[in-house]
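Only one structure is covered here, and it is reproduced in the block below.
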Number of protein chains: 2
Amino acid sequence: MLIAMSEESAAGRPYHHGDLRRALLSAAATAIEESGPAGLSLRDLARRAGVSHAAPAHHFGDKAGLLTAFATEGFETLADTLARVRQESGGSLLELGVGYVTFAVRHRAHFEVMFRPELFHRDDAGLAAAQQRARAALRAGVAGLPAAPVGPEAARTELAAWSIVHGFATLWLGGALRPDQVGDDPEAAARLVIGRLFASPG
Amino acid sequence: MLIAMSEESAAGRPYHHGDLRRALLSAAATAIEESGPAGLSLRDLARRAGVSHAAPAHHFGDKAGLLTAFATEGFETLADTLARVRQESGGSLLELGVGYVTFAVRHRAHFEVMFRPELFHRDDAGLAAAQQRARAALRAGVAGLPAAPVGPEAARTELAAWSIVHGFATLWLGGALRPDQVGDDPEAAARLVIGRLFASPG
DNA sequence: GCAGGTATCTTGTCGATGGCAAGATATGCT
DNA sequence: AGCATATCTTGCCATCGACAAGATACCTGC
């Protein structure tokens, strides 16, 4: 519950590792980027953090618990990213979509876990709250359009926007898009694709 | 190499199981629908098929080999589905997109493996051929539009269409869409969403 | 400052899994 | 009929997730 970051963290290894929970989540990102969520092993994370094989269970209960925390972290980062983009771009839905893709590419490991509910505890309260935050950020992007749709049309627009950016991100991460066809810059490619759906007002 | 479907298959169990390869692929679909690709176990498949735990390895080499065959099967079915839809709908890109979503929902297990290259051998020749077939079916849908785009614009349209249907299917399968917001009929919801991108010419 | 309580981590174990090796058995070709 | 081969079985090992029990360091209350 408290942050036990003493001066020891600078010198030797902090006591009882000091911040194992964070270290494990960080190691998980690296491991998932290397081998995907299916190849993740709690024992491998423990080795990366330099602790015994059973240490992770204390912080997360089980493997799904760790991935629940990992997904929650992802949804929070996504919500923050979208909020910041909306601020900086003046409410452009195009830029919001590009921000979504940017998040997926830069936080590939998180993104790959976030939408795979069989990997984590989908009824976790913190997770649901983070999901709501991210969802609200997306909705605000649609609601803030100059010619903002209302009612069912708004929901449809939101879902269409979400679908196209989510689909592009997923296809990109899955390696389904040949570099010689879409280039090697995911943001530029995303901008062209999303532009096919919405003309940028900003 | 040959189909050993003798008259025994009707009476008792066919000898040496008869068609274990097919039985394992079929069992894999059921198992993946139940627990996702990550929870798949070769030993569980062997139990479902009534053979010893090492039997699957003979047909597929390893787990990734089985999933390679499984993904190939998926791409072939997808290509067939898209070709049939294009025939029946008279070349409507909207209906082609709906067909993509229908495939994903009705062959959920296949779809969940097909775009996760870390699960299979991505350099497999048969897999690549099946991917090409499916990809060509999608491209033909764009090329057959009444006002068919050409050059880079065609590629952009193709990618936008693929992204929006793939994204919608992925979000639907991942349970990210609340039934009270999009209903419980994926095809109807997909039609509305895709319609946001392309007006149906058919 | 110290003693009890607690959070954190370790060690040991169990059942299950993937993969490999070696052997058994049926099939088909000659 | 006999032999080569495809198919399947048995046995084994390293690894994994989960659990139980114990050790260690911290922290609170006095």
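Note that the coordinates shown come from a computational prediction; the quantities given were computed from them, not determined experimentally. Quick note on labels: first sequence line is chain A, next is B, and so on, each numbered from 1.
Nearest to the side chain of A/D62, among D/dA18, D/dT9, C/dG19, sits D/dA18.
Salt bridge absent: A/E95 and A/R86 never bring a charged side-chain N and a carboxylate O closer than 4.0 Å. Ionic pairing of A/E158 and B/R196 is not present here: no N-O contact between side-chain nitrogen and carboxylate oxygen is shorter than 4.0 angstrom. Between B/R84 and B/D80 there is no salt bridge, since none of the side-chain N atoms of the basic residue sits less than 4.0 Å from a carboxylate O of the acidic one.
Spacing between atom NZ of B/K63 and atom C1' of D/dT15 amounts to 13 Å, rounded to whole angstrom units. As rounded to whole Å, 15 Å separates atom P of C/dA21 from atom NE2 of B/H58. Distance A/L66 CG to D/dA18 P: 10 Å, rounded to the nearest Å. For the pair A/R21 CZ and C/dA7 C1', the interatomic distance rounds to 14 Å; values are reported in whole Å. As rounded to whole Å, 16 Å separates atom P of D/dC19 from atom CZ of A/F60. In this structure, the CG atom of B/L20 is 15 Å from the C1' atom of C/dT25, given to the nearest Å.
When atom types are taken as modelled, the side chain of B/S89 and the backbone of B/V85 share a donor-acceptor pair closer than 3.5 angstrom.
Ring geometry for A/Y100 against A/F115 counts as tilted: the plane angle lies between 30° and 60°, on a 0 to 90° scale.
Near DNA chain C, meaning a heavy atom under 4.0 Å away, the residues from residues 31-48 of chain B are B/L40, B/S41, B/L42, B/R43, B/R47.
Residue contacts for B/H53: at a heavy-atom cut-off of 4.0 Å it reaches a base atom on one of the strands shown. Using a 4.0 Å heavy-atom distance criterion, A/A57 is classed as making no nucleic acid contact.
Heavy atoms of other residues, nucleotides or ligands lying less than 6.0 angstrom from CG of A/D184 number 12 at most.
Taking for each of B/H59 and A/A54 the nucleotide of DNA chain D with the nearest heavy atom, the 5'-most of the two is the partner of B/H59.
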